[in-house]
Structure formats: C-alpha cells, structure tokens
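Below you'll find the structure, written out as structure tokens, and then a few comments.
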Amino acid sequence: MWSPAPELRDELDIVIPTIRNLDFLEMWRPYLQPYHLIIVQDGDPNKSIRVPDGFDYELYNRNDVARVLGPKSGCISFKDSACRCFGFLVSKKKYVFTIDDDCFVAKDPSGKEINAMGEHTKNLLTPSTPFFFNTLYDPFRDGSDFVRGYPFSFREGVPTAISHGLWLNIPDYDAPTQLVKPLERNTRYVDAVMTIPKGTLFPMCGMNLAFNRELIGPAMYFGLMGNGQPIGRYDDMWAGWCVKVYILYNLIVI
C-alpha cells in the first residue's frame, strides 16, 4: 500500500461534502485511509451517514454549523457542495485535500490506478514557477530540469498554494455546453504538471483540489450557492478567482 509522505500524514485533512453514505471511500482506501477525514453532511441532519470502517473522521451536519457559527451560519451554503467550506474552517492542519463523494479512482492508459492524493502531496511540496514558462513543463520532476534560456534567478520558484486536480470521463462543462454535447466524455489522460502564470485567472473546480491552508486562509471561500441563492455552480470558480487575486498581491502563486 502506498504510504503518504511522513511530513504530511499529520499535516493534512481531507474534507468531503456529502448527502449520502460514503461507500466510495472503499476504492480510495489505499490512498486516503492514513489521513484524517472531515465530513460535512448537507441536507437533513437527522439522516444517518455511513462511513466505512477503518477511517479516522469527524462528521458535521447542519446542526453543527448552526452551533458553531450561530447567526453567521448563513455563510455556509445549504444543499450545495460549497458546504465543504465548514470543513476548511474547522480544520487545524496546514494542508487540505477536498474531494466530492462521487469521484472514482481513475486509471492511466496502462491500466494502473492514479494516486491523486500522492500527486497532490508532491505538488504542494514542490515550488511553482509562475514568472517564466519552462517548455519541459515541470522542471522539478524526475528526468526533467530547466531548459536552456530559463533565467537562473527564477529557478528557485515560490511556494505552491494550490494543487488543482483534473478528471476523466464526464467533463466539468456548464449547462449549455452539456446540452449541446450530452454524450461527450474526456478520455485524454494528461501526465503533466503546469503552473498557472502570474496574473492569469482560471476556472477552479472543487471536486479534486488540494491547497496550503496556511498560505491561503479564509480566501478559500466557496461563494454562496445552492438553496435560496439566485446563482448555482459558481461557488468553486468564485473561490478560485478570489484566491488567485489574493496570492497575486501576496507574492504567492499556484
């Protein structure tokens, strides 16, 4: 079984928003079981959520949100995956990895399972290079380096704030695009790590995401969506825009 980096075993929480039993964790057991889980149950707080045996976890529901935040509990979305923000709030760890409860372990073209948790760990511990693009993509990867012409003064890089994971199968499209391409599936596995350049925004997706909680702090806030809100499915993108602007002015990059 894959073993997490010792320096992160006690420094990373996994936050999962859910409305159902977490049977999906069985396939993730080799990768996630060593870590502490913070589960945020949305919807009816009287509904029981089953978690597979062997996982170390805390489980919070809407009653807990109201108890902890009191009159400010409205800042946590209701009936929306943005409720995961409560998990970001109660976590005391340096790093957070958040994943949706309908994500499966993907496989590379050879059929080998992709250890998303391990990839995020490596990304968070490896510097980012936002000021000058390296044509071999990730210069810190084994078998790679900075190419000829890359300024030596930029090669040290800067701390990585966010590791943004991708996905296979169903693309994360907006509703109009999904209507036009209902059968389209993403089958292209991309084995590359790229830094988003300084000053460039991006559409962040919260279903496979890790970040340095100490660097970002409350800027990683998914906007109010879901029940009672006029707009939906922009919560994670809103957080991505806010975080990118925040780290731009604080000389941190992703």
Side-chain angles (χ1 to χ4, degrees), residues 1-42 48-61 64 81 83-108 110-128 138 140-142 159-169 189 191-193 204-217 220 222 236 254:
M1 185 175 76
W2 175 81
S3 178
E7 63 269 32
L8 289 191
R9 184 189 295 271
D10 299 319
E11 293 187 71
L12 184 145
D13 278 331
I14 298 172
V15 174
I16 306 173
T18 190
I19 57 172
R20 58 177 67 91
N21 293 326
L22 297 181
D23 298 328
F24 90 111
L25 284 173
E26 287 294 353
M27 70 175 61
W28 288 97
R29 186 180 292 274
Y31 314 114
L32 304 189
Q33 188 172 5
Y35 294 94
H36 178 68
L37 310 183
I38 298 177
I39 302 167
V40 183
Q41 177 185 349
D42 200 15
S48 296
I49 296 292
R50 185 177 68 250
V51 181
D53 294 337
F55 285 91
D56 173 44
Y57 69 92
E58 303 170 66
L59 175 61
Y60 297 95
N61 58 35
D64 298 310
S81 66
C83 67
R84 74 183 81 221
C85 287
F86 187 75
F88 303 163
L89 174 66
V90 299
S91 173
K92 299 298 186 292
K93 303 291 180 61
K94 180 176 181 178
Y95 302 102
V96 166
F97 169 53
T98 184
I99 185 173
D100 284 0
D101 63 4
D102 58 356
C103 290
F104 302 142
V105 177
K107 295 182 179 181
D108 66 19
S110 71
K112 181 181 178 181
E113 288 189 348
I114 300 170
N115 177 10
M117 184 70 255
E119 294 300 315
H120 282 302
T121 298
K122 288 188 293 185
N123 288 345
L124 290 172
L125 296 177
T126 302
S128 291
D138 183 8
F140 299 103
R141 182 172 181 166
D142 291 340
T160 296
I162 298 176
S163 174
H164 189 278
L166 301 179
W167 51 88
L168 297 173
N169 197 24
Y189 170 60
D191 185 17
V193 175
M204 191 177 80
C205 177
M207 68 178 174
N208 176 19
L209 182 75
F211 62 94
N212 186 322
R213 185 172 169 274
E214 291 186 356
L215 291 180
I216 296 176
M220 184 59 81
F222 286 41
D236 43 6
I254 60 174

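Bear in mind the structure is a predicted one, so any value in this text is a computation, not a measurement.
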Can you name the nearest heavy-atom pair linking [X] to [Y], along with the distance?
{"X": "L215", "Y": "P159", "answer": "CD1-CB, 4.0 Å"}
{"X": "K107", "Y": "L168", "answer": "O-CD1, 3.8 Å"}
{"X": "V40", "Y": "C83", "answer": "CG1-O, 3.4 Å"}
{"X": "F24", "Y": "D101", "answer": "CG-O, 3.4 Å"}
{"X": "L124", "Y": "A210", "answer": "CD1-CB, 3.9 Å"}
{"X": "T18", "Y": "I39", "answer": "CG2-CG2, 3.7 Å"}

- Message: I want to know whether Y35 and F55 have ring centres closer than 6.0 Å.
- Response: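 No, too far apart.
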
- Are Y95 and F211 close enough that their ring centres sit under 6.0 Å apart?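 Between F211 and Y95, which both carry aromatic rings, the centre distance is not below 6.0 Å.
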
How many angstroms lie between atom [atom1] of [X] and atom [atom2] of [Y], to the nearest 0.5 angstrom?
{"X": "N115", "Y": "W28", "atom1": "CG", "atom2": "CH2", "value": "8.0 Å"}
{"X": "I99", "Y": "I14", "atom1": "CD1", "atom2": "CD1", "value": "8.0 Å"}
{"X": "Y57", "Y": "D13", "atom1": "OH", "atom2": "CG", "value": "15.0 Å"}
{"X": "T121", "Y": "L12", "atom1": "OG1", "atom2": "CG", "value": "6.5 Å"}
{"X": "D42", "Y": "R20", "atom1": "CG", "atom2": "CZ", "value": "11.0 Å"}
{"X": "D64", "Y": "Q41", "atom1": "CG", "atom2": "CD", "value": "9.0 Å"}

Is there a side-chain contact between [X] and [Y] in this structure, where contact means two heavy atoms from C-beta onward sitting under 4.5 Å apart?
{"X": "I16", "Y": "I38", "answer": "no"}
{"X": "M207", "Y": "D102", "answer": "no"}
{"X": "E113", "Y": "Y31", "answer": "yes"}
{"X": "L209", "Y": "H164", "answer": "yes"}
{"X": "F86", "Y": "P17", "answer": "no"}
{"X": "F88", "Y": "V15", "answer": "yes"}
{"X": "N212", "Y": "K94", "answer": "yes"}

So does [Y] get a backbone contact from the side chain of [X], meaning a donor-acceptor N/O pair under 3.5 Å?
{"X": "N123", "Y": "T126", "result": "no"}
{"X": "D236", "Y": "G206", "result": "yes"}
{"X": "N21", "Y": "R50", "result": "yes"}
{"X": "Q33", "Y": "G54", "result": "yes"}
{"X": "K92", "Y": "V90", "result": "yes"}
{"X": "S91", "Y": "G87", "result": "no"}

- Message: Less than 3.5 Å apart, any donor N or O on the side chain of N208 or H120 sitting next to an acceptor on the other?
- Response: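 Result is yes, a qualifying pair exists.
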
- Item | Residue from D56, D23, L25 passing side-chain contact (heavy atoms from CB on, under 4.5 Å) with V51 |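 Option passing the side-chain contact (heavy atoms from CB on, under 4.5 Å) with V51: L25.
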
- Worked verdict on E11 versus R213 for side-chain contact (heavy atoms from CB on, under 4.5 Å): CA-CA 10 Å; E11 293 187 71; R213 185 172 169 274; over 6 Å; no

- Set of residues satisfying side chain to side chain contact (heavy atoms under 4.5 Å, CB included) with respect to D142, sequence neighbours excluded: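 Applying side chain to side chain contact (heavy atoms under 4.5 Å, CB included) to D142 gives none.
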
- Would you call R84 and D100 a salt bridge, using N to O less than 4.0 angstrom?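 Yes, this pair counts.
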
- Query: Under 4.0 Å between a Lys/Arg side-chain N and an Asp/Glu carboxylate O for R141 and D191?
  - Reply: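 Salt bridge: yes.
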
